[in-house]
Amino acid sequence: MSARQRVAAIEGWYTLDEPAHLLGSRCNSCGSYYFPRLSAGFCRNPACEGTSFETVPLSRTGRIWSYTNACYQPPPPFVSPTPFVPFAIAAVELAAERMIVLGQVVAGIDVGQLKVGMPMELVLESLYSEGDTDKLVWKWKPSGVRP
Amino acid sequence: MSREVAVLGVGMHPWGKWGRNFVEYGVHAARAALKDAGIPWTDVQFISGAATMRCGYPGYVAGATFAQALGWQGAQVNTSYAACASGSQALAAARAQILAGGCDVALVVGADTTPKGFLAPMAGYRPEDPDWVRFHLGITNPTYFALYARRRMDLYGATLEDFTAVKVKNAAHGAANPNARYRKRFTREEVLESAMVADPLRLLHVCATSDGGAAVVLASLEYAQRRGLKTPRIAAISTVTPRFASTEVEMPDIATDSAVAAAGHSFRGAIAARAYEEAGLGPEDLSLAEVYDLASSMELDWYEYIGLCRPGEAEGLLRSGATRLGGRIPVNASGGLACFGEAVPAQALAQVCELVWQLRGEAGERQVQGARVGITANQGLFGHGSAVIVRK
Ligand SMILES: [Zn+2]
């Protein structure tokens, strides 16, 4: 039995170590965070002229700002299993960064199990598979729930 | 000095999925507005077009495209693009030209033809493009609408019945509007039985994309007075940008601004606030409002953003009947996006057309009795949003 390959579905947005982190930018002048990392070199804070940023791991935990699900198959570039399996999506507020980050919710959790304010943590899970390769992405998981 | 301008005429091409060139809708709407104003095209000194990004080069230079289609006659020209606020920005350009003394009469036109099917992003592997990434994750436009709906349910006790009541209300309003695309009086059951798109939103809670065209003829107050015309006036046009740190989850973003170094701000609340400030009016002065119900649930958010009630009170306002025709402050008397579907560069102008017909008492079966002041509000991609206040 061959081991499955684990690679990032979207390169440069998160680490693949455990526990995984999203990779953001932090302004070296004012401390504002950005996700995804800034591609242009200017801080968006109007009171800051910062142009240098550090790549930093973002908090792995936060609380649900809101949530929903995808009940019908999204168009490409979404890669759908056949048949399509509905999945939940959460917007999670990170306390330290004071920002909200969207993401899929881990498989097996649906909107009935979610609530605004619920603590969530970041994990890696397969977004889709190609042959023996799992394309991993960040997902939100209710804290304390075994995957 | 008054900063107001007169609205001499308005006109529209009915919304639909006609599949024709957008220029046809724009010219139809322009001729209707000019006829309504009683002014020949050759008297127009400034033409301001709202651009469309979906119809090739003629769409990028919409002002000139409409001018050529109506017949070159030497007018000065402008084209504005600001996503769903394009029409308001084109209107603001015309108003500025009038107030600066550059012209007496201006024509503002917006029109769009929408492609069939999904607006899919470009193919390939593009991890540097957040819009590509969110589609790759399966985060579609209704996802964003649903996030706001779910939050209202958990925080404020909104229900599926409330969102459905908004749709049923707007469908009843739009049934009497000859320019609306959908004129069916949907029932509660039909809405609830339509397919689930993004929980809690059903297909009939989410607006479609449409073809359509709308036009407005503006003039200086002096010009209107010289002709002895008593017309509705534009009292304010707000096209503000957001303030960092913007705390609202915005399509197509994956994350909000971070509020660690700057206070958090609500962009949507700021749009109407600026319009009220400019007009010297407040929500208590309104007779009606036209707001952007991209999803039925978002109409409730707008009640709060435009100050009809405080956060958390929109459901109570809806249930009281205040926002339906015959109520204290009817919202989307035109039928709103629920009945029109979105024709991006024409939509903000269509909202203004409705206010003008209402203030003139010419809205027929959907007339708001004694209408004196109305506001429009919309918000869309890339930091764009607008509000226009029209008064008698
Ligand atoms: Zn900075």
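Predicted, not measured: the structure shown is a model, and the values here were computed from it. In what follows, every chain begins at residue 1, and chains take the letters A, B, ... in the order their sequences are listed.
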Shortest non-hydrogen contact from [X] toward [Y]:
X         : Y         : answer
Arg150(B) : Ser66(A)  : CB-OG, 3.4 Å
Pro130(B) : Pro36(A)  : CG-CG, 4.1 Å
Tyr72(A)  : Thr140(B) : OH-OG1, 4.3 Å
Leu102(A) : Asp253(B) : CD2-O, 4.1 Å

| message | Could you go through Tyr33(A) and Val260(B), starting from their C-alpha distance and side-chain angles, then the distance that decides it, and tell me whether this counts as side chain to side chain contact (heavy atoms under 4.5 Å, CB included)? | response | CA-CA 8 Å; Tyr33(A) 291 88; Val260(B) 293; 4.1 Å; yes
Nearest 0.5 Å, what's the [atom1]-[atom2] distance between [X] and [Y]?
X         : Y         : atom1 : atom2 : answer
Ser258(B) : Glu97(A)  : OG    : CD    : 7.5 Å
Trp13(A)  : Glu128(B) : CH2   : CD    : 9.5 Å
Met99(A)  : Ile254(B) : CE    : CD1   : 11.0 Å

| said: Taking every non-hydrogen pair under 4.5 Å, which of Thr247(B), Leu147(B), Val133(B), Ile139(B) racks up the most with chain A? | reply: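 Winner by heavy-atom pair count: Leu147(B).
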| message | Tell me which of these, Gly138(B), Ala262(B), Ala146(B), has more heavy-atom pairs under 4.5 Å with chain A than the rest. | response |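 Heavy-atom pair counts peak at Gly138(B).
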| request: Could you tell me whether the side chain of Ile10(A) reaches within less than 4.5 Å of the side chain of Pro127(B), counting heavy atoms only? | output: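 Side-chain contact under 4.5 Å: yes.
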| Side-chain contact, heavy-atom cut-off 4.5 Å: Pro77(A) with Trp132(B)? |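 A side-chain contact under 4.5 Å exists here.
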With a sphere of 6.0 Å drawn around [atom1] of [X], does it hold more than 12 non-hydrogen atoms of other residues, nucleotides or ligands?
X         : atom1 : value
Arg319(B) : CZ    : yes
Glu49(A)  : CD    : no
Arg274(B) : CZ    : no
Tyr125(B) : OH    : yes

| task | Between chain B and each of Glu11(A), Lys139(A), Gln104(A), count heavy-atom pairs under 4.5 Å; write down the option with the most. | result |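 The option with the most such pairs is Glu11(A).
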| Side chain of Thr68(A), backbone of Asp199(B): donor and acceptor closer than 3.5 Å? |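 Such a contact is found between Thr68(A) side chain and Asp199(B) backbone.
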| Counting only N and O atoms by type, is there a donor-acceptor contact under 3.5 Å from the side chain of Thr256(B) to the main-chain atoms of Ile100(A)? |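 Side chain of Thr256(B) to backbone of Ile100(A), a donor-acceptor pair under 3.5 Å: yes, one is there.
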Go through the atoms of [X] and report whether side chain, backbone, both or neither lie under 4.5 Å from a heavy atom of chain B.
X         : result
Ala88(A)  : neither
Val111(A) : side chain
Val137(A) : side chain
Tyr34(A)  : side chain

| message | So for Leu201(B), is it side chain, backbone, both, or neither that comes closer than 4.5 Å to the heavy atoms of chain A? | response |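 For Leu201(B), no heavy atom lies under 4.5 Å from chain A.
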| field | Engaged part of Tyr144(B) at the chain A interface, taking heavy atoms whose separation is under 4.5 Å | value |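 Interface part for Tyr144(B): side chain.
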| request: Please lay out, stage by stage, how Trp65(A) and Arg151(B) fare under the test side chain to side chain contact (heavy atoms under 4.5 Å, CB included). | output: CA-CA 7 Å; Trp65(A) 183 85; Arg151(B) 188 166 165 83; 3.3 Å; yes
| task | Step by step, work out the side chain to side chain contact (heavy atoms under 4.5 Å, CB included) result for Asn45(A) and Asp257(B). | result | CA-CA 9 Å; Asn45(A) 177 353; Asp257(B) 289 341; over 6 Å; no
| task | Test side chain to side chain contact (heavy atoms under 4.5 Å, CB included) on Phe244(B) and Ser32(A) and set out the steps. | result | CA-CA 10 Å; Phe244(B) 185 92; Ser32(A) 293; 3.8 Å; yes
